[in-house]
*Asks:* 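Mind looking over this structure? Questions follow.
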Amino acid sequence: MNPITYELIKTDKQTGARLGRVHTPHGSFDTPTFMPVGTLATVKTMSPEDLQSMQANIILSNTYHLWLRPGEDIIREAGGLHKFMNWDGAILTDSGGFQVFSLSDMREIKEEGVHFRNHLNGEKLFLSPEKAMDIQNALGSDIMMAFDECPPYPAEYNYMKASVERTSRWAERCLQAHNRPYDQGLFGIVQGGEYEALRKQSAEDLVSLDFPGYAIGGLSVGEPKHIMNQVLEFTTPLLPSHKPRYLMGVGSPDALIDGAIRGIDMFDCVLPTRIARNGTCMTSNGRLVVRNAKYARDFNPIDENCSCHVCKNYSRAYIRHLIKCNETFGFRLTTYHNLHFLLKLMEQVRTAIKEDRLGDFKESFFEQYGLNKA
Ligand SMILES: N#Cc1ccc(CCNc2nc3cc4nc(N)[nH]c(=O)c4cc3[nH]2)cc1
Ligand SMILES: [Zn+2]
């Protein structure tokens with residue numbers, strides 16, 4: 001039994017977008033979809049009930065962070081991450097590769113794994129493909145990510161080539177070490193930077209290992225938007241059409257639409273939750289910085305086109321007041337709205353695919369959101 005299966009329902013006649021459905025041991029979800037990020041076993045300020053009410057059905061958590069705090073043994077003893085955080089939807093865990101490279105200094109990449117310092121206390125640590133799999137097995141996530149290197153942008157061709165080849169060897173080691181193939185899915189992560197030949201090499205290496213799904217890594221690392229779109233255009237066709245494709249770290253409305261158009265099924269990003277905590281909201285008319293003084297007496301909802309309970313019951317003036325006073329409830333309200341906004345956007349994208357009009361939807365959304373039509 002393959003724990004993670006994908007059903008391709010239809011493709012959009014106007015673009016390369018696809019409507020699908022992913023099945024996991026903790027439920028199924030329609031794609032394209034957005035996955036809220038819950039790095040430390042919580043989507044910051046959201047309860048599982050909040051997430052259910054906005055119809056989130058898969059969230060992310062993180063191997064590196066949970067390994068450091070509270071440690072995978074405690075989560076294993078709790079019966080796994082679902083029990084520990086009281087979430088019965090699907091969970092995808094990132095493998096820690098990206099966090100090691102983005103959070104800690106004194107990194108030393110060797111064939112066996114990465115030596116680095118704990119970003120919290122400076123102690124020396126070592127993470128390998130095998131260790132990353134052990135931790136994710138203890139967490140019991142439904143979808144695990146292979147341990148990879150996410151090189152910086154830009155990176156020299158020769159460096160990137162060596163890195164891709166090592167990431168492919170690490171992916172094979174992850175498959176060997178993955179001891180719960182019957183109730184956890186392991187996704188390979190395609191690397192290769194902006195280089196078409198290396199993306200091809202990475203995709204071919206990983207497709208030959210027959211993972212149940214594939215992530216496109218090494219993007220959303222500071223490259224210009226058109227580079228990301230180009231990489232997607234020549235990478236997604238290299239991946240099997242009957243398996244899910246996950247673009248890591250992408251979460252702005254325009255990038256979600258552009259990614260879906262290029263055949264991506266799953267997205268995650270801390271953007272909606274992070275900007276919410278500094279009082280910035282996503283709305284159908286673009287970003288709204290609700291902490292600005294101009295909203296002090298504005299008793300309208302964050303977004304008059306939004307049906308979420310925050311927009312039905314609370315005003316910009318009230319939310320601004322809470323944020324200015326650093327009241328946690330204020331962050332709950334902006335976070336709930338932002339996540340609902342992206343989940344609703346993906347529902348609109350799925351409907352547009354159903355009706356073969358995603359290209360038209362992009363035009364009208366970009367127009368109203370105030371985006372150029374790049
Ligand atoms: N606010 C905010 C905000 C903060 C960070 C980001 C960039 C996130 N980008 C990103 N996450 C990633 C995770 C990844 N994980 C792994 N294992 N491999 C990747 O190549 C990878 C690439 C990523 N690129 C975007 C918005
Ligand atoms: Zn709302």
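Atoms within a ligand are numbered from 1 in the order they appear, just like the ligands themselves. Just so you know, these numbers use all the heavy atoms, side chains as well, and skip hydrogens, waters and symmetry mates.
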*Asks:* Can you classify the ring geometry of Tyr318 versus His321 as parallel (below 30°), tilted (30 to 60°) or perpendicular (above 60°)?
*Replies:* tilted
*Asks:* For atom 24 (N) of ligand 1, what is the closest protein heavy atom, and at what distance to 0.1 Å?
*Replies:* Leu219 O, 2.8 Å
*Asks:* Using a heavy-atom cut-off of under 4.0 Å, does the side chain or the backbone of Val250 touch ligand 1, or both, or neither?
*Replies:* neither
*Asks:* Quick check against the 3.5 Å criterion: does Arg18 have a side-chain atom that pairs as donor or acceptor with the backbone of Ile9?
*Replies:* no
*Asks:* Looking only at protein heavy atoms, which one is nearest to atom 8 (C) of ligand 1, and how far off is it?
*Replies:* Gly249 O, 3.5 Å
*Asks:* Can you check whether Tyr314 reaches Phe299 side chain to side chain, under 4.5 Å on heavy atoms?
*Replies:* no
*Asks:* Please determine if Ile189 has a nitrogen or oxygen closer than 3.5 Å to a nitrogen or oxygen of ligand 1.
*Replies:* no
*Asks:* With rounding to 10 degrees, what does the angle Cys311:SG / the Zn ion (ligand 2) / His337:ND1 come to?
*Replies:* 100°
*Asks:* I need the atoms of ligand 1 closer than 4.0 Å to a non-hydrogen atom of Gly217, numbered in the order shown.
*Replies:* 19 (C), 20 (O)
*Asks:* On the ring face of Phe341, is Lys344 found with NZ or CZ under 6.0 Å from the centre and within 45° of the axis?
*Replies:* no
*Asks:* Once the angle between the rings of His82 and His26 is folded into 0 to 90°, is it parallel (under 30°), tilted (30 to 60°) or perpendicular (over 60°)?
*Replies:* parallel
*Asks:* I'd like to know if the side chain of Gln136 pairs up with that of Thr93 as donor and acceptor (distance under 3.5 Å, no hydrogens or angles considered).
*Replies:* yes
*Asks:* May I ask you to decide whether Arg357 forms a salt bridge with Glu355, counting only side-chain N to carboxylate O separations under 4.0 Å?
*Replies:* yes
*Asks:* Where is the nearest protein heavy atom to atom 17 (N) of ligand 1: which residue, which atom, and how far?
*Replies:* Asp94 OD1, 2.8 Å
*Asks:* Report the part of Ser95 in contact with ligand 1, treating N, CA, C, O as backbone and CB onward as side chain, heavy atoms under 4.0 Å; options are side chain, backbone, both, neither.
*Replies:* side chain
*Asks:* Tell me whether Cys281 has at least one N, O or S atom under 2.8 Å from the Zn ion (ligand 2).
*Replies:* no
*Asks:* Looking at the Zn ion (ligand 2), is one of the N, O or S atoms of His340 less than 2.8 Å from it?
*Replies:* no
*Asks:* Within the structure, is a non-hydrogen atom of Gly97 found at a distance of less than 4.0 Å from ligand 1?
*Replies:* no
*Asks:* With respect to the Zn ion (ligand 2), please indicate if Cys306 possesses an N, O or S atom at a distance under 2.8 Å.
*Replies:* yes
*Asks:* Closer than 4.0 Å to some heavy atom of Cys150 - which atoms of ligand 1 meet that?
*Replies:* 19 (C), 20 (O), 22 (C)
*Asks:* Are Leu247 and Val250 close enough that some pair of their side-chain heavy atoms sits under 4.5 Å apart?
*Replies:* yes
*Asks:* As an exercise, identify every atom of ligand 1 less than 4.0 angstrom from a heavy atom of Ser220.
*Replies:* 7 (C), 8 (C), 9 (N), 10 (C), 24 (N)
*Asks:* Determine whether the side chain, the backbone, both or neither of Leu271 has a heavy atom under 4.0 Å from any heavy atom of ligand 1.
*Replies:* both
*Asks:* Should you measure from each heavy atom of Gly218, which atoms of ligand 1 turn up under 4.0 Å away?
*Replies:* 19 (C), 20 (O), 22 (C)
*Asks:* Decide, yes or no, whether a salt bridge links Asp298 with Lys294 under the criterion of side-chain N to carboxylate O below 4.0 Å.
*Replies:* no
*Asks:* Specify side chain, backbone, both or neither for Asp148, according to which of its non-hydrogen atoms lie closer than 4.0 Å to ligand 1.
*Replies:* side chain
*Asks:* When you measure from atom 21 (C) of ligand 1 to every protein heavy atom, which one gives the shortest distance, and what is it?
*Replies:* Phe98 CD1, 3.6 Å
*Asks:* Do Asn118 and Asn121 get their side chains close enough for a donor-acceptor pair, meaning under 3.5 Å?
*Replies:* yes
*Asks:* Does Gln191 have a non-hydrogen atom less than 4.0 Å from ligand 1?
*Replies:* yes
*Asks:* Taking only heavy atoms of Val270 into account, list the atoms of ligand 1 that are under 4.0 Å away from them.
*Replies:* 2 (C), 3 (C), 4 (C)
*Asks:* With heavy-atom distances below 4.0 Å as the criterion, list the atoms of ligand 1 near Cys269.
*Replies:* 25 (C), 26 (C)
*Asks:* Between the side chains of Thr280 and Asn278, does any donor sit under 3.5 Å from an acceptor?
*Replies:* yes
*Asks:* Would you call Asp205 and Arg169 a salt bridge, taking side-chain N to carboxylate O under 4.0 Å as the test?
*Replies:* no
*Asks:* CD of Glu165: more than 12 outside heavy atoms within 6.0 angstrom?
*Replies:* yes
*Asks:* Under a 4.0 Å heavy-atom limit, does Met248 contact ligand 1 with its side chain, its backbone, both, or neither?
*Replies:* both
